[in-house]
Amino acid sequence: MMVNKVIQPIAEEGCETIATDVAIVGGGLAGSLAAAVLARAGCQVVLIDKRAVYPEEFRVEKIAGRQVDVFRRLGFIRELEAIACVYDRVINIREGRVVDVSAGQTYGLPYADLVALARRLMPGHSGFIVDQVTAVSCSDDVQHLVLASGKRVTARLVVLATGMAGALGYGLGITRRILAERHSVSFGFTIARPDSSPFEFEALTCYGERAIDGVDYLSLFPVRAGMRANLFMFRDPTDPIMRELRRETRSTLLRFMPGLQSYLGDFSVIGQVQNWVMDLSAAEGHLQPGVVLIGDAFQTNCPAAGTGVSRLLVDVERLCTEYVPRWLETSGMGKEKISEFYSDPDKIAADQHSLQMARFRQALTSSSDIRWNVRRRVHFLRRNITHRVDGIRPGWIARVRGALRA
């Protein structure tokens, strides 16, 4: 595989201007994957990020379901399989009892490895600039970027994949509206048995037992470094329990989820415990000539809902396979072109579904209202009954669902 050219910052006196079709600002998963897709389609692309190697951060750590389908359509599934731990069975438990079992190929890997993969997918004719964008000016024709090194980039289109960092957008009149402040808290850590023996499951999900605890679920799944744990909660991030989860992770976890003990046996938490507080927010004033926002730069997601990567992949696939190649065939990059992406039915559906699932997971997990108490019981009871019926007549539920969709 060809490795993309890395362009290091240069001294101001040697500054130059780089001309390209598309300049992508932000080299996380959204930006790096978009760069790979566009470059493979033959577009001239420059990816700009201040870090040559993306740091270890607690972000996306699983690719599953329809996300796998998108990677396959984009032609990247073999590369994903080569670096991830693949599993296809998840035991789902609550209060120490099996709710059901999920089936479907899933890939577990650290976020930094996923970003590194996306960057390696960029062909050699594309460019990766290690630098920081300090200013952007956009118009109906040519977009101008100024970098910290003094270098300048001109492009027909700028893609902002800067996550929740909105400084560049503010300069263009793009703001962020907070939909739900401190909506959720997530923890990521790795567990292991003292003798390094394997756990007796491929992957396991344990759901919270009481609404007052605000625990949605704990997801345990394999990565190359061991058994990874992702804990999702809807609780005030200033609550002292957050400090306990960071310092006394094992005992605090078992206090919330005593039913875990029989499945995990003796175990310890190894390495760093990371946590993440997420606001739900969305961009406003984003319809601008010559610039488009993707991923978290456009709208953030609830990690517990599991819709973040799905939204990101919809953005990348629709923008980079449907719109940008066609936009580049004709002159201009005005609002009428940019609006086509924001009006895309698949994108709108993914954005709306993400917000709906965020609110649903929060209410299902932590609402003490009698209506949600009943709904919570019915939710898990229905799943368990479906699991039992499918155990008696394998495939029957899938056939019924298929008939209803037809």
Side-chain angles (χ1 to χ4, degrees), residues 56-64 85 87 90-96 99 102 106 108-111 180 182-193 199 201-223 225-280 300-309 357-358 360-367 376 380:
E56 295 290 340
E57 286 186 354
F58 173 43
R59 298 280 186 100
V60 179
E61 298 189 332
K62 285 188 296 184
I63 301 296
C85 282
Y87 60 97
V90 183
I91 300 172
N92 303 304
I93 66 170
R94 186 169 184 257
E95 298 178 339
V99 175
S102 302
T106 305
L109 72 168
Y111 182 71
R182 300 188 298 184
H183 174 77
S184 63
V185 183
S186 308
F187 286 84
F189 50 93
T190 303
I191 65 172
R193 284 181 165 168
F199 291 94
F201 52 82
E202 270 193 297
L204 182 143
T205 299
C206 181
Y207 292 94
E209 300 181 6
R210 305 184 306 166
I212 194 173
D213 294 332
V215 176
D216 193 345
Y217 61 93
L218 172 75
S219 177
L220 298 169
F221 56 94
V223 296
M227 186 63 72
R228 189 65 176 165
N230 288 178
L231 176 67
F232 303 103
M233 306 179 70
F234 297 100
R235 193 157 176 157
D236 186 343
T238 64
D239 192 306
I241 200 67
M242 301 301 163
R243 184 170 59 251
E244 293 181 38
L245 277 166
R246 287 190 296 269
R247 296 179 178 178
E248 302 292 337
T249 309
R250 182 184 183 279
S251 58
T252 309
L253 195 63
L254 291 177
R255 192 166 77 242
F256 279 133
M257 300 174 163
L260 264 177
Q261 184 69 72
S262 61
Y263 288 87
L264 298 183
D266 190 15
F267 74 96
S268 58
V269 176
I270 59 174
Q272 183 183 8
V273 177
Q274 301 169 296
N275 74 291
W276 183 270
V277 179
M278 178 60 76
D279 295 334
L280 293 184
T300 59
N301 317 272
C302 172
T307 56
V309 183
M357 286 301 298
F360 171 76
R361 294 284 351 155
Q362 182 182 39
L364 186 70
T365 297
S366 57
S367 177
R376 188 159 41 243
F380 287 105

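Just so you know, residue 1 is the first one in the sequence shown, and it goes up from there.
A 4.5 Å side-chain heavy-atom check between Leu218 and Phe256 finds every atom pair outside the cut-off. Using a 4.5 Å heavy-atom threshold, the side chains of Leu260 and Leu204 count as touching. Annotation: side chain of Phe187 is in contact with side chain of Met233 (closest heavy-atom distance under 4.5 Å). Contact of the Pro258 side chain with the Glu209 side chain is registered, since non-hydrogen atoms from C-beta on lie closer than 4.5 Å.
Of the possible polar contacts, one joining the Arg94 side chain to the Gly208 backbone as a donor-acceptor pair under 3.5 Å is found.
The heavy-atom pair separating Met357 from Ala305 by the smallest distance is CB-CB, 3.8 Å. Here the shortest heavy-atom pairing between Ile93 and Gly259 reads CD1-O, 4.3 Å. For the pair Pro237 and Val185, the tightest heavy-atom approach, listed with the atom from each and the gap, is CB-CG2, 3.9 Å. Residues Arg376 and Ala211 approach most closely at NH2-CB, 3.5 Å, considering heavy atoms. Nearest approach of Ser102 to Asn92, heavy atoms of both residues: OG-ND2, 2.8 Å. Nearest heavy atoms, Arg235 versus Met242: CB-CE, 3.7 Å.
Here the two rings, on Tyr263 and Phe201, have centers that are 6.0 Å apart or farther.
The ring pair (Phe, Tyr, Trp, His ring centres under 6.0 Å) pairs that include a residue from residues 229-251 are His183-Phe234, Tyr217-Phe232, where partners are two or more places apart or lie in different chains.
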After noting the C-alpha distance and the side-chain angles of Arg250 and Asp266, does the key distance pass the side-chain contact (heavy atoms from CB on, under 4.5 Å) rule?
CA-CA 10 Å; Arg250 182 184 183 279; Asp266 190 15; 3.8 Å; yes

Assess whether side-chain contact (heavy atoms from CB on, under 4.5 Å) is satisfied between Leu254 and Phe267, documenting all intermediate values.
CA-CA 11 Å; Leu254 291 177; Phe267 74 96; 4.2 Å; yes

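Asp279 and Thr300 share no side-chain donor-acceptor pair at under 3.5 Å.
The environment of Glu57 atom CD is dense: over 12 non-hydrogen atoms of other residues, nucleotides or ligands sit within 6.0 angstrom.
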